J.: 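I am attaching a structure below and will ask some questions about it afterwards.
Order of listing sets the numbers, starting from 1, for every ligand and every atom in it. These numbers were taken from a predicted model, which means no experiment stands behind them.
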Amino acid sequence: MVRNLVVIGGTSHPQLTESICGVLGIPPAEVLLSKFAVGETRVEIQESVREKDVYIIQSGGGKVNDHLLELLITISACKTASARRVTAVLPLFPYSRQSDIPYDKTGAPLYPSYPGPGKPEGLGLMNGIDGLQKSLAKAQIEDSNGSPVKRRPANGLPRNDTTDSLKSLTTNGGAEDTASTVSASNSSKINAFQPRPGYKQWVAQAGTLVADLLTCAGADHIITMDLHDPQYQGYFDIPVDNLYGRPLLKNYIQRNIPNYKQSVIVSPDAGGAKRATAIADQMGMEFALIHKERRPTKITDRQNATMMLVGDVRDRIAILIDDLADTSNTITRAAKLLKKGGASQVYALVTHGILSGDAIDRINASSLDKVVVTNSVDQGDHLRRCPKLEVLEVGHVFAEAIRRVHHGESISVLFQYD
Ligand SMILES: O=P(O)(O)OC[C@H]1O[C@H](OP(=O)(O)OP(=O)(O)O)[C@H](O)[C@@H]1O
């Protein structure tokens with residue numbers, strides 16, 4: 001019997017809300033989530049939450065920015081309606097890939113970004129500058145007056161500050177300097193990263209801002225799963241429970257992969273090695289790693305990174321383990337390499353199947369034999385389009401976490417590896 005507990009479902013994943021409420025044996029709260037014509041989010045809590053323990057389910061993926069704002073407004077609405085405690089339940093935590101300052105050793109920014117559907121350009125800061133630059137160049141070259149537009153020479157970014165660079169690009173600042181007519185080749189030169197001694201490009205630390213926004217909106221507690229960077233928890237001054245998807249993945253391996261002990265667990269990059277070795281060690285299986293020889297400086301370059309397999313997968317089933325698949329470039333490229341290395345079959349087991357843009361087409365056309373994800377992100381559409389996809393239910397894991405938090409019980413059992 002759960003008393004004084006209220007579960008509110010955001011628009012990101014109604015099916016998961018239903019599943020969590022089904023396990024808890026309560027109906028989701030009545031809320032009106034809509035939008036004004038202009039696109040602003042409107043939230044109306046249609047039942048009393050006074051002195052209640054409220055859990056708001058909202059995942060990342062899909063229209064991630066809309067969902068985030070809706071969550072913030074809902075948290076704030078519950079707090080102002082005198083909820084006793086508000087917990088944001090974020091099965092996939094949005095922006096958690098942007099928790100650090102992603103520079104490589106030359107000072108060039110790395111972009112752990114989420115590319116939108118079919119928009120490889122205009123994503124990430126440098127690409128954004130590139131896109132902006134191209135648009136400006138095009139607009140200026142096609143100036144209706146027909147007069148050529150004078151621009152700063154294309155010898156790298158105009159100033160050593162990205163904000164200023166953007167400003168100068170948008171206002172044509174510095175046009176009084178050495179004049180040159182903008183051309184496509186100039187544009188591409190401007191896009192090339194040229195580190196300046198002692199200076200690093202400024203990249204927004206969106207993860208910090210999102211942590212602050214949630215706290216500022218009134219969240220008292222966060223429940224999430226398989227944070228891309230577990231240290232992100234340290235950005236919060238409220239409790240963060242980072243649940244593991246690992247038991248679900250292990251269970252899948254044990255039940256569905258014949259002679260699984262003869263298979264090889266593979267991490268598709270060094271960043272995920274700890275995650276994958278944890279499973280390999282616990283299950284007494286062998287481990288292999290894919291090493292990216294050159295880390296690309298731009299998201300659009302990622303597919304060009306050279307990959308190298310460290311380990312032997314010949315005539316064995318290779319099981320890729322990762323926290324998330326977004327464009328699915330990582331797992332599809334890894335699968336190709338594993339098949340080249342003699343793997344008999346390749347499975348990809350991923351906690352968060354974001355699968356943006358043409359990720360599904362990429363998987364369908366790839367050497368992957370099976371892709372297994374949890375429903376931390378809505379998989380309804382993905383399942384219809386991808387015969388290789390299998391989905392593991394996480395509703396009961398979140399329901400149990402909510403039940404335990406509500407009753408003040410320990411949830412460390414949900415963190416156990418085995
Ligand atoms: O489906 P994709 O678009 O290829 O993205 C998925 C990859 O991105 C993330 O790692 P990231 O590249 O941010 O590097 P890291 O693990 O070193 O942080 C994640 O851990 C996957 O490996």
Side-chain angles (χ1 to χ4, degrees), residues 60-62 64 92-105 108-120 123-124 127 203 205-207 224-232 242 244-246 249 265-279 288-307 319-338 346 348-368 371-374 376-377 379 382 386 388-389:
V64 60
L92 164 61
F93 199 103
Y95 285 86
S96 58
R97 281 167 87 187
Q98 299 190 56
S99 58
D100 55 355
I101 307 172
Y103 296 115
D104 72 4
K105 57 186 173 219
L110 300 169
Y111 291 104
S113 58
Y114 291 77
K119 288 184 189 163
L123 301 157
N127 291 328
V203 179
Q205 297 170 61
T224 187
M225 180 176 267
D226 282 359
L227 277 173
H228 178 66
D229 179 0
Q231 293 182 13
Y232 186 48
N242 181 27
Y244 291 126
R246 204 173 294 160
L249 304 185
I265 298 283
V266 184
S267 174
D269 59 20
K274 205 170 164 188
R275 206 175 290 124
T277 47
I279 292 189
L289 172 75
I290 293 174
H291 172 61
K292 278 183 201 158
E293 281 194 309
R294 180 180 69 82
R295 270 206 76 109
T297 55
K298 290 193 294 180
I299 189 94
T300 44
D301 268 357
R302 280 191 171 185
Q303 64 274 22
N304 299 324
T306 315
M307 295 170 104
I319 306 169
L320 283 161
I321 300 285
D322 214 342
D323 62 325
L324 62 91
D326 187 359
T327 63
S328 77
N329 267 321
T330 302
I331 53 171
T332 52
R333 293 195 68 224
K336 191 174 170 189
L337 189 68
L338 290 165
V346 180
L349 270 61
V350 177
T351 306
H352 306 297
I354 303 170
L355 307 179
S356 310
D358 47 10
I360 297 280
D361 298 333
R362 204 168 281 126
I363 289 171
N364 287 340
S366 75
S367 324
L368 282 162
V371 176
V372 182
V373 299
T374 75
S376 64
V377 174
Q379 298 298 328
H382 299 160
C386 186
K388 296 180 182 180
L389 191 66

J.: Quick one: list whatever passes salt bridge (Lys or Arg N to Asp or Glu O under 4.0 Å) with Asp322, sequence neighbours left out.
T.: Arg275

J.: Okay, side chain of Asp358, backbone of Asp361: is any donor-acceptor separation there less than 3.5 Å?
T.: no

J.: Taking only heavy atoms of Gly271 into account, list the atoms of ligand 1 that are under 4.0 Å away from them.
T.: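 It comes down to these atoms of ligand 1: 16 (O), 17 (O).
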
J.: Quick one: does ligand 1 sit under 4.0 Å from the side chain of Asp322, the backbone, both or neither, non-hydrogen atoms only?
T.: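 Under 4.0 Å from ligand 1, Asp322 contributes side-chain atoms alone.
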
J.: If you take the nearest heavy atom of each of Asn329, Ile290, Leu324, Asp229, which one is closest to atom 6 (C) of ligand 1?
T.: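 The residue whose heavy atom sits nearest atom 6 (C) of ligand 1 is Leu324.
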
J.: Apply side chain to side chain donor-acceptor pair (under 3.5 Å) to Thr351 and list each qualifying residue two or more places apart in sequence or on a separate chain.
T.: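 Thr351 satisfies side chain to side chain donor-acceptor pair (under 3.5 Å) with Asp226 only.
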
J.: Taking 4.0 angstrom as the limit, do Asp229 and Arg97 come out as a salt bridge?
T.: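 Looking at Asp229 and Arg97, the cut-off is not met.
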
J.: Could an N or O of ligand 1 be found under 3.5 Å from any N or O of Arg275, whether backbone or side chain?
T.: no

J.: Strictly distance-based, threshold 3.5 Å: is any side-chain N or O of His382 a donor or acceptor partner for the main-chain N or O of Ser356?
T.: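 No.
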
J.: Tell me yes or no: between the side chains of His228 and Ser96, is some donor less than 3.5 Å from an acceptor?
T.: no

J.: Considering only heavy atoms of Ala325, which atoms of ligand 1 have at least one such atom less than 4.0 Å away?
T.: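 Those of ligand 1 that fall under 4.0 Å from Ala325 are 1 (O).
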
J.: For Thr330, take its heavy atoms, then give the atoms of ligand 1 lying under 4.0 Å from any of them.
T.: 2 (P), 4 (O), 5 (O), 6 (C), 7 (C), 22 (O)

J.: Does Pro268 have a non-hydrogen atom less than 4.0 Å from ligand 1?
T.: no

J.: Looking at Asp323, which atoms of ligand 1 are within less than 4.0 Å of one of its heavy atoms?
T.: 19 (C), 20 (O)

J.: Is the contact between Ile354 and ligand 1 made by the side chain, the backbone, both, or neither, using heavy atoms and a 4.0 Å cut-off?
T.: neither

J.: Do Lys388 side-chain atoms and Ser366 backbone N/O form a donor-acceptor pair below 3.5 Å?
T.: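 Pair found, side chain donor or acceptor close to backbone of Ser366.
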
